[in-house]
Amino acid sequence: MDWADELAASVDGPQVVNDSKTPSGTVHVGSLRGPVILDVIARALRARGTTTSLLYGVDDLDPMDAQALLTPDAIEHEMGRPLAHVPDQAGDCHASYARHHAQTFIDTFAGLGIHPDRYYWMSDLYAAGTVDPYIRTALDRAEAVRAIYRRVANVQHPADWHPLQVVCESCAKVGTTIVTRWDGERVFYECRPNLVTWARGCGHAGLVRPFGGRAKLGWNLEWAAQWSIFGVTIEPSGKDLSTAGGSRDRADAIAREVFEREPPLNVPYEFLNIGGRKMSTSKGLGVAAHEIVRVVPPEQLRLLFLRPRPQTAIEFDPSGSDAIPRLFDEFDRLADATAGRPVRGELPAGHESVFRYSLLDPQADVAGIAAAFRPAFGHLALLRQIPGVDIDARIEAEKGAPLTPLEVATLRERAAAADAWLATFAPDKARIAVNRERLPDEAEALASDQRAWLARLAAAALDPNGPPRSGDAWQALIFATATDLGLAAGRAFAALYLAFLGRPNGPRAGWLLASLEASFVVERLRAAAGEPGKETS
RNA sequence: GGGCCGGUAGCUCAACGGCAGAGCAACUGACUCUUAAUCAGUUGGUUGGGGGUUCGAAUCCCCCCCGGCUCACCA
């Protein structure tokens, strides 16, 4: 964890770490990198004893622009209105659309162990008059703001443009209005039908005191105002904002030149790419966000996001790959190292921090958690596919002692994740399916000594006391018959897997056979041996 | 067009001025209850290309190639 600890070591004095988000819709997994980085920075600062507060803003006075999330008849009326004023479409008792969607990301953050000291709502700050001084300054210095836009972003606003949008007194929209005059107390604004493509203004014009929530600063100015209001010292931002001439450059310049305050330290971060492409559920590229959350538990997801340096793009391609099992393995390796168990291979720099920051609870008993027994994900995925396996008993046997409550919880979490993985991303080679219809084509590759042994096993299964009933019994019979014929155990097992699974390896064969009906097993053994199967009486 | 990130073993990545490494995969061997386990070992590299700085460059500088993201309207 070089990056967060280094960052924490590079700053002096109390720190205010901030981020904010527009509650316009659901949160997708790629967008969780920012909050994780934010949280890790705060934890790293606190680990050094730095007084730190972690803030998260809800930009709920931003205009509604997510058409897809509205009912068709609500689009004309709601598009362009402040999110805080749009009714909750879900109708589940939230005061507004903004409250509803903000709640989903607050819940998501909490699920990832991210608990800001305070959530603040821009609609509240505007209503309370907290933003008014910045509105006044921005209007007084509108020419300076326009100059910044020209210089920094090469954006040429009209000479009468002002960095403020009034909530229209007639139609209540904020996304459609433009301010063209400021007399020191009131602004003149127009609600234009065609100012933006995604919402239609009503044509109203008026003169209004733009304070107390009746108007909203432009995005870049609102950002800079937040910094001044809260004394923000560190604020990460995604590459979409951190690009040259982008929002962050503009907000930085506005902070310095208009609000006369040094902007916070930026920690630009890259995104999460799925298979080399930006994760996008809407385009059908990559993977739906909610699926990943089901397959990757919170602590592994934190690890995924915090292990690389923020400015490094994360390539994550869970589909048909071992990326997810590897993520679990890496987590377990870090746990082993933290617990003082021997670990193969190299460890990342500052691996203790990487593990500690991956945990949900910042106050967690790191040593105790690291020492806990964790079943390997790939192994668990295998066990989940074998019928009749008592997973709890099996894992407990592997540990060699009763599982603690924490270990049981980990096992449950991983078993669920393994099931979800097998149902979605797992490569075919990770899936075990007994081919019940017919002998797999791959069984043609069986050698004559293997076929002879399969016939022998089939015969042995029928005499003298009927087929084995347990995995142990099958396993014993497999070894006994193979030894009789002088067949190496490895070749015997390979023959079984080819006959039943169509592949040269598989799960513990005795238990696999025990999970199937004996008649089917015998029939298949004979078929694979080259004997007629159906005709056996 | 501007910006950012990346290109190192088959895959995922580390090394950030001092002998190019790990995990996984592959391959070899061991193991009579093991068969995706465990253990031991092996293979695998012109660090995208070219120049420069340096006693020494994957690492720093310049140019180029490739891949990706992002901005340029709004937030």
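Each chain gets a letter, A, B and so on, in the order the sequences are listed, and its residues count up from 1.
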- Item | Atom C1', compared across B:C60 and B:U54: separation rounded to whole Å | 10 Å

- Item | Main-chain N/O of A:Ala159 paired with A:Arg146 side-chain donor or acceptor, under 3.5 Å | yes

- Message: Checking A:Leu496 against A:Leu454 for the side-chain contact (heavy atoms from CB on, under 4.5 Å) test, could you report, in this order, the C-alpha distance in whole Å, the side-chain angles of both residues, the deciding distance, and whether it holds?
- Response: CA-CA 8 Å; A:Leu496 282 178; A:Leu454 289 167; 4.0 Å; yes

- Message: Base contacts versus sugar-phosphate-only contacts with protein, heavy atoms under 4.0 Å: please encode nucleotides 3-9 of chain B as B, S and - from 5' to 3'.
- Response: BBS----

- On a whole-Å scale, what distance lies between the P atoms belonging to B:G2 and B:U8? 26 Å

- Message: Output the rounded distance in Å from CZ (A:Arg307) to C1' (B:G23).
- Response: 11 Å

- Query: Which of parallel (below 30°), tilted (30 to 60°) and perpendicular (above 60°) describes A:His101 and A:Tyr97?
  - Reply: tilted

- Message: Work out how far the C1' atom of B:A58 is from that of B:A15, and round it to whole angstrom.
- Response: 9 Å

- Item | C1' spacing across the pair B:A57 / B:C62, given as an integer number of angstrom | 15 Å

- Protein-nucleotide distance (A:Ile314, atom CD1; B:U70, atom C1'), rounded to Å: 16 Å

- All salt bridge (Lys or Arg N to Asp or Glu O under 4.0 Å) counterparts of A:Arg99, not counting sequence neighbours: A:Asp124

- Parallel, tilted or perpendicular, as decided by the 30° and 60° cut-offs, for the rings of A:Phe377 and A:Trp421: perpendicular

I'd like a table of atom pairs between the protein and nucleotides 73-75 of chain B - only N or O on both sides, under 3.5 Å - with the distance next to each one.
from: B:A75; atom 1: O3'; to: A:Asp62; atom 2: OD1; distance (Å): 3.3
from: B:A75; atom 1: O3'; to: A:Asp62; atom 2: OD2; distance (Å): 3.1
from: B:A75; atom 1: O2'; to: A:Thr22; atom 2: OG1; distance (Å): 3.4
from: B:A75; atom 1: O2'; to: A:Asp62; atom 2: OD2; distance (Å): 3.0

- Which residues share a side-chain contact (heavy atoms from CB on, under 4.5 Å) with A:Gln226, sequence neighbours left out: A:Asn18, A:Ser20, A:Asp59, A:Tyr120, A:Met122, A:Glu222, A:Trp223

- Apply side-chain contact (heavy atoms from CB on, under 4.5 Å) to A:Asn266 and A:Asp252, showing your working. CA-CA 10 Å; A:Asn266 189 14; A:Asp252 282 358; 5.6 Å; no

- Take atom CZ of A:Arg33 and atom P of B:C69, then tell me their distance rounded to the nearest Å. 16 Å

- Between B:A22 (P) and A:Asp329 (CG): distance, integer Å: 18 Å

- Note on the structure: In whole angstroms, the gap separating P of B:C31 from CZ of A:Phe493 amounts to 15 Å

- Task: Anything below 3.5 Å on both distances counts as a pair; with that, list the stems of at least three consecutive Watson-Crick or G-U pairs involving RNA chain B.
- Result: B:1-7 with B:65-71, B:10-13 with B:21-24, B:26-30 with B:38-42, B:48-52 with B:60-64

- What interatomic distance, in whole Å, is found between C1' of B:U59 and the corresponding atom of B:G1? 31 Å

- Roughly how many Å is it from CG in A:Leu498 to C1' in B:U35, rounded to a whole number? 13 Å

- Message: Quick check against the 3.5 Å criterion: does A:Arg302 have a side-chain atom that pairs as donor or acceptor with the backbone of A:Tyr357?
- Response: yes

- Message: Run the salt bridge (Lys or Arg N to Asp or Glu O under 4.0 Å) test against A:Arg414 and tell me which residues pass, sequence neighbours left out.
- Response: A:Asp332

- Item | C1' atoms of B:C5 and B:C13, separation to the nearest Å | 15 Å

- Query: Given the P atoms of B:A20 and B:U47, what is the spacing between them in whole Å?
  - Reply: 10 Å

- Query: Under 3.5 Å, is there a donor-acceptor pair between the side chain of A:Gln165 and the main chain of A:Thr177?
  - Reply: yes

- Message: To the nearest 0.5 Å, what is the distance between CG on A:Leu83 and OG on A:Ser96?
- Response: 8.0 Å

- Task: Begin with the C-alpha distance, continue with both residues' side-chain angles, and end with the deciding distance and a verdict on side-chain contact (heavy atoms from CB on, under 4.5 Å) for A:Val296 and A:Leu304.
- Result: CA-CA 10 Å; A:Val296 182; A:Leu304 172 68; 5.8 Å; no

- In whole Å, what is the span from the CZ atom of A:Arg326 to the C1' atom of B:A14? 14 Å

- When rounded to the nearest Å, what value does the distance between C1' atoms of B:G29 and B:U43 take? 14 Å

- Message: Using whole Å, what does the distance between atom P of nucleotide B:U12 and atom CD of A:Gln300 come to?
- Response: 21 Å

